[in-house]
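Encoded as structure tokens, the structure appears first; notes follow it.
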Amino acid sequence: DAIISKDLNGIIRSWNKGAERVFGYTEEEVIGQPITILIPAERQMEETEILSRIRRGQRVEHFETVRRCKDGTLIDISLTISPIKNDKGVIIGASKIARDITGSKQADDRLARYFEFWILRLQGVYPGLSRCPACGGSFDAGASMPPREHLFVCSGCGARWSLMRR
């Protein structure tokens, strides 16, 4: 995981080896630089809101977002942010833990497309498959919860159906 600390002005103050691996910058390249070098232009307001909440002492909930690597590549990350306090309890910055989730997001997208393909394919062979035999509700490939479970849920009665043989 990338562990980065910044001050209340958004200036990077520490950078671990995990951050080097995730973002491609060395510690020497980023210390003293604004954290916004990692944030795509269309997401700059995220950082403004994060700093504002940290300054007010408010919690920043864990969230998923997109960040930019040194080579310009955009990656999906899971971000956890915690305030940093001095010995008097005054907030002086924030610590960020960023995990690259690009691979798992891509796998989830592929799996969702796979299920959508098979639902549509099976509906062509068995037109009645689009409706739940128990209540007549519909099945939606997007309703797989979560996609790795290979389950589809009826929108009417909540019945679970699987494409996998057991």
Side-chain angles (χ1 to χ4, degrees), residues 1-121 139-153 160 162-164:
D1 289 354
I3 302 173
I4 305 163
S5 68
K6 63 183 179 182
D7 63 22
L8 292 176
N9 294 315
I11 303 300
I12 298 169
R13 297 296 174 201
S14 70
W15 185 264
N16 75 345
K17 292 289 184 188
E20 286 187 21
R21 284 189 296 277
V22 171
F23 297 108
Y25 290 99
T26 65
E27 183 178 23
E28 294 76 26
E29 291 175 299
V30 296
I31 298 296
Q33 296 296 315
I35 194 78
T36 53
I37 64 172
L38 303 176
I39 304 174
E42 65 276 7
R43 294 191 177 256
Q44 292 286 317
M45 289 306 295
E46 286 179 359
E47 184 61 18
T48 302
E49 178 63 21
I50 290 166
L51 285 171
S52 176
R53 293 180 67 86
I54 291 290
R55 281 188 196 103
R56 293 190 309 260
Q58 295 178 332
R59 181 181 173 98
V60 178
E61 297 293 329
H62 165 257
F63 65 104
E64 292 180 2
T65 187
V66 175
R67 292 295 183 254
R68 183 179 311 283
C69 297
K70 181 179 178 179
D71 67 3
T73 304
L74 296 177
I75 59 171
D76 294 302
I77 64 165
S78 171
L79 193 58
T80 302
I81 304 168
S82 302
I84 299 173
K85 297 179 181 181
N86 66 14
D87 56 355
K88 295 178 182 171
V90 176
I91 296 171
I92 59 169
S95 173
K96 294 184 171 192
I97 300 174
R99 175 170 288 160
D100 183 353
I101 58 169
T102 304
S104 64
K105 295 274 280 191
Q106 290 171 343
D108 286 347
D109 289 347
R110 283 191 305 272
L111 195 53
R113 285 193 306 275
Y114 167 81
F115 282 122
E116 185 174 358
F117 167 81
W118 281 106
I119 287 290
L120 293 173
R121 180 96 186 243
F139 293 106
D140 179 11
S144 176
M145 45 173 271
R148 288 185 181 94
E149 295 294 324
H150 309 287
L151 293 174
F152 294 86
V153 179
R160 296 177 183 205
S162 173
L163 293 180
M164 305 300 288

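Because the structure is a prediction, the values reported are computed rather than measured. The chain is numbered in sequence order, starting from 1.
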request  = Answer yes or no: are there more than 12 heavy-atom neighbours, outside R56 itself, under 6.0 Å from its atom CZ?
outcome  =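 Yes, enclosed.
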message = Is it true that, when you exclude R53 itself, more than 12 heavy atoms of the residues, nucleotides or ligands shown sit nearer than 6.0 Å to its CZ?
response = yes
query = Between E64 and I101, does a side-chain contact (heavy atoms from CB on, under 4.5 Å) hold up when you go through it step by step?
reply = CA-CA 9 Å; E64 292 180 2; I101 58 169; 3.5 Å; yes
key: Distance-only donor-acceptor check, side chains S52 and E49, under 3.5 Å   =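 No donor-acceptor contact under 3.5 Å links the two side chains.
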Heavy-atom closest contact ([X] atom, [Y] atom, distance):
X   : Y    : answer
V22 : D100 : CG1-CB, 4.4 Å
I84 : S5   : CD1-CB, 3.7 Å
P34 : I12  : O-CD1, 4.1 Å
I77 : A98  : CD1-CB, 3.9 Å
I3  : S95  : CG2-OG, 4.3 Å

May I ask you to test the [X]-[Y] pair for a side-chain heavy-atom distance under 4.5 Å?
X   : Y   : answer
I81 : I50 : yes
I92 : D7  : no
R67 : F23 : yes
S14 : I4  : no

Atom pairs and distances, donor-acceptor, side-chain atoms in residues 35-43, under 3.5 Å, two or more places apart:
from	atom 1	to	atom 2	distance (Å)
R43	NH1	E46	OE2	2.9
R43	NH1	T65	OG1	3.2

ask   = Donor-acceptor pair, N16 side chain versus D1 backbone, under 3.5 Å?
value = yes
ask   = Mind checking whether W15 and Y25 have parallel, tilted or perpendicular rings, split at 30° and 60°?
value =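 If you compare the ring of W15 with that of Y25, the planes turn out perpendicular.
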request  = Identify whether the distance between the nearest side-chain nitrogen and carboxylate oxygen of E47 and K96 falls below 4.0 Å.
outcome  = yes
ask   = Going by an N to O cut-off under 4.0 Å, is there a salt bridge joining K17 and E27?
value =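 Salt bridge flag = no for E27 with K17.
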ask   = Can you check side-chain contact (heavy atoms from CB on, under 4.5 Å) on I11 and K6, steps first, answer last?
value = CA-CA 5 Å; I11 303 300; K6 63 183 179 182; 6.0 Å; no
